[in-house]
Amino acid sequence: MKTLILACKTLERELQVAMERQNCHDAIVWFESGLHNTPKKFKEALQMMIDQATDYDRILMAMSFCGNVVCGLRSGNATLVIPRAEDCISLVLGSAENRSSIPDAGHTYFMTEGWLQGERNIWVEYQYAIKKYGQKTGEEIFQMMLGNYQALALIDSQVGDLTETEIEMEKIAKHLHLTYRKLNGTTSFLEALFEPILDPARFLVVAPHDVVALPSLSQLY
Amino acid sequence: MKIEMMKQELVIAMEQLDEERVLALVTGLRRIDCDKNEIFDLLNLGAERVGDLFEQGEYYIADFMVSGKIYAKVLSQLLPEENDYGKQSLGPVLMGVVRHDIHDIGKEMIKNLFKAEGFRVIDLGVDVSATQFVAAAQRYHPAIIAISGLLTASTAEIQQTIAALEAAGIRSYASIVIGGACTDASLAAETNADFWNNNPIETLNYCLAKVGQDEN
């Protein structure tokens, strides 16, 4: 079965580790993290790649529902496999249950090392705002954006040394007036994407020439 | 001709996020009796260009926020008469961000617009459960219930909230409008929401028409 992987750059390190552990060598097409800010463009880019992948039997989406950006995608000639995760946070935490078990998860801004390397992450945004609008207005803007958040959490996906990242994250948390936390993550959800038999509770399988439907909460893992 | 130039300049000033210039132009246009809806249309046009520049990578999220701040200033400083004079209350509008979601920038923006038009806004805040929406609706009997969300999971929360409101018989007197980053036309169709839009003025105009008191 000829398989193509469509993957978000945010999860690059985690995906590489998951593929190594599962001895997977399928072709990967990477999508830039910044596309999260422009869902319409992200969806168009995904659809274009799916439409071009006419000689593949199966497309594995190494990403989440990402703000429902995958909803409405047409599967084309291939079977589409999408993790039933509402966003990348649930993916790297292993499950939605793991996420909801984190105290005050709803008021926590989650990041991974991959997010920190993204071209438009929250720290890049903060520095831009301060430079363009000055300290006072920049801080006001971020109070509006993050006023309901209390913590900044670094998810350690267990894919490498995070010593430097931790120092950076603590500094960012201080600037953003958030409490810094570190959480344990995992690549197990991504690894399961490469299992020969997929768990239907964790993965949505869309037949060829079908459309990805809007999920209900009970269908998201 | 001068008026037309002022209108064009207003769009450009909004696009360039020049707050001082926007406020001066709005004051000037109001002085010559330019219709406020037209002013909002021009501001929206400028805001759309901000969105285009964001998509092109020129602007950042902070620039979006600043366009919202300018919008709010136009409302609060230059159109205060909409709050204070001549208008009767248009009755209660219930609004809130769904459970587990704390993103309220859009809600705050639309709240200001509703207040400026004379609606009595009952703001349930963020992280509002379906049960809380139903209880508040039963208490206040609003003509409009505005529900918003940003997160992926909020689409399901919106579905559940609307289902709960329907089960409680609230449809008989309230219209349900939805908005926010997680919403789109397909969610509106799926949930039978009466209206969906992410343009605050479009939503406001729908609600004004719905309560039958659109004076413009």
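Each chain gets a letter, A, B and so on, in the order its sequence line appears, and its residues count up from 1. Hydrogens, waters and symmetry mates play no part in the numbers below; they use all other heavy atoms, side chains included.
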Does any heavy atom of chain B fall under 4.5 Å from the side chain of Tyr133(A), the backbone, both, or neither of them?
side chain
Does atom NZ (Lys131(A)) have a neighbourhood of more than 12 heavy atoms from anything else shown, all under 6.0 Å?
no
Select all residues of residues 174-188 of chain B having any heavy atom within less than 4.5 Å of some heavy atom of chain A, and report them by number, or 'none'.
Cys182(B), Leu187(B)
Sub-4.5 Å heavy-atom contacts with chain A: which residues of residues 63-70 of chain B show up?
Asp63(B), Met65(B), Val66(B), Lys69(B)
Kindly give the heavy-atom pair with the smallest separation between Lys132(A) and Leu17(B), and that separation in Å.
NZ-CD1, 4.2 Å
Locate the shortest heavy-atom distance separating Arg120(A) from Phe54(B); write the atom from each residue and the value.
NH1-CE1, 4.2 Å
Report the residues that fulfil salt bridge (Lys or Arg N to Asp or Glu O under 4.0 Å) with Glu139(A), sequence neighbours left out, ordered by chain and then residue number.
none
Go through the structure and list residues passing side-chain hydrogen bond (donor to acceptor under 3.5 Å, both in side chains) with Asp210(A), not counting sequence neighbours.
none
How about Ile105(B) and Met145(A): do any of their side-chain heavy atoms sit closer than 4.5 Å?
yes
For the residue pair Glu125(A) and Ala62(B), what are the closest heavy atoms and their distance?
OE1-N, 3.6 Å
Below 4.5 Å from any heavy atom of chain A, which atoms of Ile61(B) appear? Answer side chain, backbone, both or neither.
both
Are there over 12 heavy-atom neighbours, none belonging to Lys171(A), within less than 6.0 Å of that residue's NZ?
yes
